[in-house]
Number of protein chains: 2
Amino acid sequence: MDRLPNSKHFDSTFKDLRELELFQAMSGENFERLMQGAYLQTFPPQVDLIAEGERSDFLHIVLAGSVELYAQWNNRETSMATVRPTSTFILAATVKDAPNLMSARTLEKSRIVLIPSPDIRAVFDLDCGFARAVVQELAQCYRSVIKNTKDLKFRTSIERLANYLLREQKRQNGQAQFTLPFDKKRLASLLAMRPENLSRAFRQLQDFGVQTQGARVEIQHQADLEALAKPSPLIDDPAS
Amino acid sequence: MDRLPNSKHFDSTFKDLRELELFQAMSGENFERLMQGAYLQTFPPQVDLIAEGERSDFLHIVLAGSVELYAQWNNRETSMATVRPTSTFILAATVKDAPNLMSARTLEKSRIVLIPSPDIRAVFDLDCGFARAVVQELAQCYRSVIKNTKDLKFRTSIERLANYLLREQKRQNGQAQFTLPFDKKRLASLLAMRPENLSRAFRQLQDFGVQTQGARVEIQHQADLEALAKPSPLIDDPAS
DNA sequence: TTGGTTAATTGACAAATATCAAGCAATGAA
DNA sequence: TTCATTGCTTGATATTTGTCAATTAACCAA
């Protein structure tokens, strides 16, 4: 692993990090301190970064690529979320110094900053701006998970898929055509369904104007799909 | 509503609140400020306190009784969590000044403190100790919801019920006999099942040594129930 | 007590979802 | 190219969960 100051890219990386909402309000001095202990690493795809149940040694920040959070129980595995640039993961475990509730692995080649958890907790005790920023980040995460719970408890698998497609379409700038960001097996797991049922669900969505070819999706009848999905800002709007 | 300082009970209520982890680290001055704007109110059962989608005007703290958090979508309703003394709810919406993602109603007669959200945000910007305490509380809430998601995605309804009974048993000091804290309709909703299926699930659990009579539960064969439930600290341990 | 309301249970059935097995399609390595 | 591997799809079937209707049980006010 490279210590950040030794990296050829540390100037631009510093700037990227400093612009993160999480690090904007804190003092330059404390930011320096965090960066001095930090590592920058590029990981290939499918690399396990942290394991469920382990203590959180580092706060992770995804600068490029994407990371899957997943969990296991009773020999089963489920995908919990995807982390994309630029955001953190296992912040809650880090500030509580508690075991990770989820594992994480890279989905693609990813640039990740690792900041030692003790540094985070130490600076967090010193720097009010940072503490306040952590609150905003955690509140955001909390609300995301609540929305996900509502999605799971209220909707059938087809409704979950329909709403997922609408959200993904928005995230990719709202064009009728877009590409699924990962394979369908993982998508099925994320949506709490089996791959077989995801296939069947996609076929049922053809009646609502959704065409697929491999990972390519085209929403031909937006209104029909929305009538089926009944999206709600209190479930599907990432900002609200 | 009573302003706190006018309440006959404000001395002991102050003390109770000050002992809350959320308010322990903050300065006396800022605590006073929060209390000056605060209201204390006793509500009868089944009173709606906040509604999903509304802005959060007050941070709520349950001093006595219990409060149900629930959500609605498409003419359906689901129970999300139960809040018991002494803890807060809608903290995330308050600090983000965002719409509530859940509604709340009293389950029983409840004593609740309401602190105006602008006060919370103002003091939160002034007082580092408070900001740090908010982080701890939010991290705890976040982890609870993650655990709940794992419970939902991994387990069948009978496994969810089995694990719920084990958790509730622990919460009530681990005796073989205990009483369900609310009616079965609400329990079914909390566990993402229909009342009919909850009935049937209780009957299936008889084979695993669970006897019920009304709200009274007796776990006669702890080992059998645990073998079915396969509880995991990373899902079922409220502390970890 | 009575009657009226709601909660809880039961059975029959329908819908949703999971599982198993097979086959096809896409991908990458030799 | 070929083979092998993996991902995706399809059909048949099993299991789980939901719905509807009817009944019983519990509770409360008059």
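The sequence lines fix the lettering, A, B, ..., with proteins before strands; numbering per chain opens at 1.
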Residue pair A/Leu101, A/Ile90: steps toward the side-chain contact (heavy atoms from CB on, under 4.5 Å) verdict:
CA-CA 8 Å; A/Leu101 295 178; A/Ile90 57 158; over 6 Å; no
Passes salt bridge (charged side-chain N to carboxylate O under 4.0 Å, His left out), A/Arg111 versus A/Asp16? Steps please.
CA-CA 12 Å; A/Arg111 272 163 57 85; A/Asp16 289 355; 5.7 Å; no
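The phosphate of C/dA8 has neither OP1 nor OP2 within less than 4.0 Å of any side-chain N or O from B/Ser199. Phosphate contact (OP1/OP2 of D/dT9, side-chain N/O of A/Arg203, threshold under 4.0 Å): absent. Contact between the side-chain N/O atoms of A/Arg194 and the OP1/OP2 oxygens of D/dA14 is not found at any separation under 4.0 Å. A close approach under 4.0 Å does not occur between any side-chain nitrogen or oxygen of B/Asn197 and OP1 or OP2 of D/dT17.
Rounded to a whole Å, the CG atom of A/Leu191 is 12 Å from the P atom of C/dT17. Rounded to whole Å, the distance from CZ on B/Arg160 to P on D/dT16 is 13 Å. Put simply, CD on B/Gln204 is 11 Å from C1' on D/dT15, counting in whole angstrom units. Per the geometry, CD belonging to B/Gln46 stands 12 Å off C1' belonging to C/dT6, to the nearest Å. In this structure, CZ of B/Phe202 is placed 14 Å from C1' of C/dA7, rounded to the nearest angstrom. Spacing between atom CZ of B/Arg155 and atom P of D/dT17 amounts to 14 Å, rounded to whole angstrom units. Taking atom CG of residue A/Leu161 and atom P of nucleotide D/dT9, one finds them 11 Å apart after rounding to whole Å. Protein atom CG of A/Leu198 is 14 Å distant from nucleotide atom C1' of C/dA18, rounded to whole Å.
Nearest to the side-chain atoms of A/Asp183 among the listed nucleotides C/dA8, D/dG7, D/dG18 stands D/dG7. Relative to the side chain of B/Glu196, the nucleotides D/dC20, C/dT17, D/dG7 differ in distance, and D/dC20 lies closest. Closest approach to the A/Lys184 side chain among D/dC8, C/dA12, D/dA12 is made by D/dC8 (side chain taken as heavy atoms from C-beta onward). Taking every side-chain heavy atom of A/Lys185 into account, D/dG7 is the closest of C/dA7, C/dA18, D/dG7.
B/Ser66 and B/Thr82 share no side-chain donor-acceptor pair at under 3.5 Å.
Residue pairs meeting the salt bridge (Lys or Arg N to Asp or Glu O under 4.0 Å) criterion with at least one member in residues 213-224 of chain A: none, sequence neighbours excluded.
Of the options B/Lys185, B/Arg105, B/Arg186, a salt bridge (charged side-chain N to carboxylate O under 4.0 Å, His left out) to B/Glu77 is made by B/Arg105 and by none of the others.
Heavy atoms of B/Arg200 sit under 4.0 angstrom from at least one base atom.
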